[in-house]
Student: 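Here you go, one structure.
Residue numbers run from 1 in the order of the sequence given.
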Amino acid sequence: MLDLLLKKRSGLELSGPELEFIAAGAALGSIPDYQLSAWLMAVFFNGLTKKETAAFTRAMALSGARLNLKGVKGAKVDKHSTGGVGDGVSLALAPVAAACGVVVPMMSGRGLGHTGGTLDKLESVKGFKVRLAPGRVVSQLKATGLSMFGQTAELAPSDRKLYALRDASCTVESMPLIVASILSKKYAEDITGLVMDVKYGSGAFLKDFKKSRELAVALMETARLLGIRCVALLTAMEEPLGLAVGNAIEMEQSIRILQGEKGPADFMRVLEVLSGWMIYLGAKARTPEEGEEKARRAIVSGAALEKLRLLFKWQGGDTRAADNPGRFLPRAKLSREIKAVRGGYLTRLDSRTVGHASVMLGAGRSRAEDTVDFGAGIMLSKKLGDKLRPGEVVARLYASDAKKLSEGAKMFESALATGPRPPKKEPLIREIIK
Ligand code: URA
């Protein structure tokens, strides 16, 4: 390890076996934390080449078990979002793509800080289980073409260790380490295609568009070197996506869309474009546009809702939530309307602050060990650029206790501003990197 530290400190390229040694050592605990941390800092300053990034990603994935999807027919496509506020798109997207014949093994994460997590949203459905053994994921994919689950201790264990060390050594923001962390978990899924939704703007993991674009390009290049077909969308996260922010509340928004209700325009557009690409990469459409058309038909015909019902059934969730979400999903008992103080245009609806408000209401976590209140959250009735009359309702907030409701309301109000003219909005889908 001393030789490898010296090599990276001098800016030299490490070989595949050397990177495997480090990834395996992180997973097994055979390399001390201080040496791993020092190596991470050397990478932070000297970077990894494209070849090293791909080799390290593969080594991290192979530091644990890998799903074996050879026996599952067809292309296997997952989607990854770098995270945001109100970004519950996966909840509708996965069933839509599966209803169009794509095999969708979707490994998701939990919410942390201002961002929400798909696993928490799924767990708002009573009984729904996200901890699935790899064998169970494979049999579910064979039978239904869809499974949504969390990272287990067996999958990419070196990522768990290295992420904790990065967090403790100020090395999280290293581009090759971010790429290896994200893609090692995807490579461990044995997928053939991946659609990346890289967010930019206030509520995104990387706020700056240029940095987000750099990440998108690096993810694409590495995925390709690993033999995964990939596309990356750069989408705006200046304001929350859609109208719902929370867990059950976002689940309900997605269920209603699958039931055929007209969803919020920005959410629908991102859903359609991501679906189009998933269906295209899954070889079920000749173009992404044809994929979008198939996605729309899967919603209208009810096939996507049927897939969601099947997902709930296979993973222990209450299937009645798919038919009557208003009755069978939790909703916190206290609520408060937030009204516009002044008239004008909504010029600020800062997604990071809205995300923090939702954590204060109980819907998210400040620390990984916190529990979430599935019924807490925010239902917006206005979006950035909307015209407001004084006293008009901007949002309704939900919480289980009065203190959380007051604190969340104060934080939410600080996310807002009004002005005499509509704001200049960032394009929703600024670029698609193919
Ligand atoms: N998401 C991950 O999974 N890993 C990172 O390093 C950053 C974001």
Side-chain angles (χ1 to χ4, degrees), residues 1 3-5 7-28 31 36 39-70 75-82 105 107 151 155-163 165-166 171-198 205-206 211-234 277 281 433-434:
M1 189 60 194
D3 291 341
L4 304 187
L5 271 168
K7 214 167 160 182
K8 194 35 75 187
R9 197 187 72 179
S10 314
L12 299 174
E13 190 173 65
L14 269 63
S15 69
E18 286 170 338
L19 292 162
E20 280 161 26
F21 173 82
I22 295 172
L28 295 169
I31 301 174
L36 285 171
W39 186 77
L40 292 168
M41 191 57 88
V43 171
F44 183 87
F45 283 114
N46 289 330
L48 293 177
T49 63
K50 287 178 192 169
K51 205 167 138 210
E52 280 180 310
T53 308
F56 192 52
T57 306
R58 185 185 284 114
M60 281 173 69
L62 300 181
S63 70
R66 195 168 177 229
L67 287 185
N68 183 348
L69 300 185
K70 302 269 175 306
K76 293 105 198 168
V77 186
D78 191 3
K79 168 253 186 178
H80 180 82
S81 163
T82 55
M107 180 156 45
Q151 185 187 1
L155 289 174
S158 56
D159 176 58
R160 203 182 300 270
K161 175 71 187 181
L162 291 174
Y163 196 89
L165 292 178
R166 285 165 61 204
T171 52
V172 167
E173 295 90 348
S174 153
M175 213 47 98
L177 294 177
I178 296 172
V179 169
S181 167
I182 293 175
L183 288 182
S184 60
K185 289 167 276 192
K186 298 294 159 190
Y187 189 71
E189 284 183 311
D190 199 12
I191 49 173
T192 56
L194 177 65
V195 176
M196 296 280 325
D197 185 2
V198 181
F205 172 62
L206 299 172
K211 279 263 166 234
S212 294
R213 191 177 191 283
E214 201 187 312
L215 174 62
V217 170
L219 284 163
M220 291 278 303
E221 287 170 349
T222 308
R224 285 205 177 135
L225 285 172
L226 292 169
I228 300 172
R229 293 180 74 200
C230 186
V231 63
L233 276 71
L234 281 147
W277 278 100
L281 291 183
I433 303 176
K434 298 174 219 161

Student: I want to check something: taking the side chain as every heavy atom from C-beta on, are Lys185 and His80 in contact at a cut-off of under 4.5 Å?
Tutor: no

Student: What are the two closest heavy atoms between Leu162 and Leu36, and how far apart are they?
Tutor: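 For Leu162 and Leu36, the tightest heavy-atom pair comes out as CD2-CD2, 4.3 Å.
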
Student: Would you check if Tyr163 and Leu177 make a side-chain contact, meaning some heavy-atom pair closer than 4.5 Å?
Tutor: no

Student: At what distance, to the nearest 0.5 angstrom, does NZ of Lys76 lie from CG of Leu194?
Tutor: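 So the gap between those two atoms works out to 15.0 Å.
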
Student: Determine the minimum heavy-atom distance between Thr222 and Leu183, stating which atoms define it.
Tutor: CB-CD1, 3.7 Å

Student: Does the pair Asp78/Lys186 count as a salt bridge with the N-to-O cut at 4.0 Å?
Tutor: yes

Student: Find out whether Leu48 and Lys8 are in side-chain contact, i.e. whether some heavy atom of one side chain is under 4.5 Å from a heavy atom of the other.
Tutor: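 A side-chain contact exists here, since the closest heavy-atom pair is under 4.5 Å.
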
Student: Could you pull out the closest heavy-atom pair between Met60 and Ser184, with the gap in Å?
Tutor: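 It is CB-CB, 3.6 Å.
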
Student: Could you tell me whether Arg224 and Glu221 make a salt bridge, using a distance below 4.0 angstrom between a side-chain N and a carboxylate O?
Tutor: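 Salt bridge absent between Arg224 and Glu221.
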
Student: Does the gap between the ring centers of Phe21 and Trp39 come in under 6.0 Å?
Tutor: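 Not under 6.0 Å, so no.
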
Student: Can you name the nearest heavy-atom pair linking Leu67 to Leu155, along with the distance?
Tutor: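 That would be N-CD2, 4.3 Å.
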
Student: Decide yes or no for Met1 and Ile22: does some side-chain heavy atom of the first lie under 4.5 Å from some side-chain heavy atom of the second?
Tutor: yes

Student: Atom NZ of residue position Lys7 - does it have more than 12 heavy atoms of other residues, nucleotides or ligands inside 6.0 Å?
Tutor: yes

Student: Would you name the heavy atoms of Ser158 and Ser63 that are closest together and state the gap between them?
Tutor: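 The pair with the smallest heavy-atom distance is OG-OG, 3.0 Å.
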
Student: Rounded to the nearest 0.5 Å, what's the gap from CD on Glu13 to NZ on Lys51? Could you check?
Tutor: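 So the gap between those two atoms works out to 5.0 Å.
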
Student: More than 12 non-hydrogen atoms from neighbouring residues, nucleotides or ligands closer than 6.0 Å to CZ on Arg9, yes or no?
Tutor: no

Student: Do the side chains of Leu234 and Arg213 get nearer than 4.5 Å, heavy atoms only?
Tutor: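 With C-beta onward as the side chain, the pair touches.
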
Student: Quick check for you: to the nearest 0.5 Å, what is the distance between Met41 atom CE and Asn46 atom CG?
Tutor: 12.0 Å

Student: How long is the straight-line distance from OG of Ser15 back to CD of Glu52, given to the nearest 0.5 Å?
Tutor: 9.0 Å

Student: Quick one: CD on Glu20 to CZ on Arg58, what's the gap to the nearest 0.5 Å?
Tutor: 8.5 Å

Student: Measure the shortest side-chain to side-chain distance between Ser181 and Arg166 over non-hydrogen atoms and say whether it is less than 4.5 angstrom.
Tutor: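 In contact.
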
Student: Roughly how far apart are Leu281 CG and Thr192 OG1, rounded to 0.5 Å?
Tutor: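 Here the rounded value is 8.0 Å.
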
Student: Just wondering, do Phe205 and Ile178 contact through their side chains at under 4.5 Å, heavy atoms?
Tutor: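 Side-chain contact under 4.5 Å: yes.
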
Student: Quick one: closest heavy-atom pair of Pro105 and Ile191, and the distance?
Tutor: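 That closest heavy-atom pairing would be CG-CG2, 3.8 Å.
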
Student: Hey, are the side chains of Leu206 and Thr82 touching, using non-hydrogen atoms and a 4.5 Å cut-off?
Tutor: no

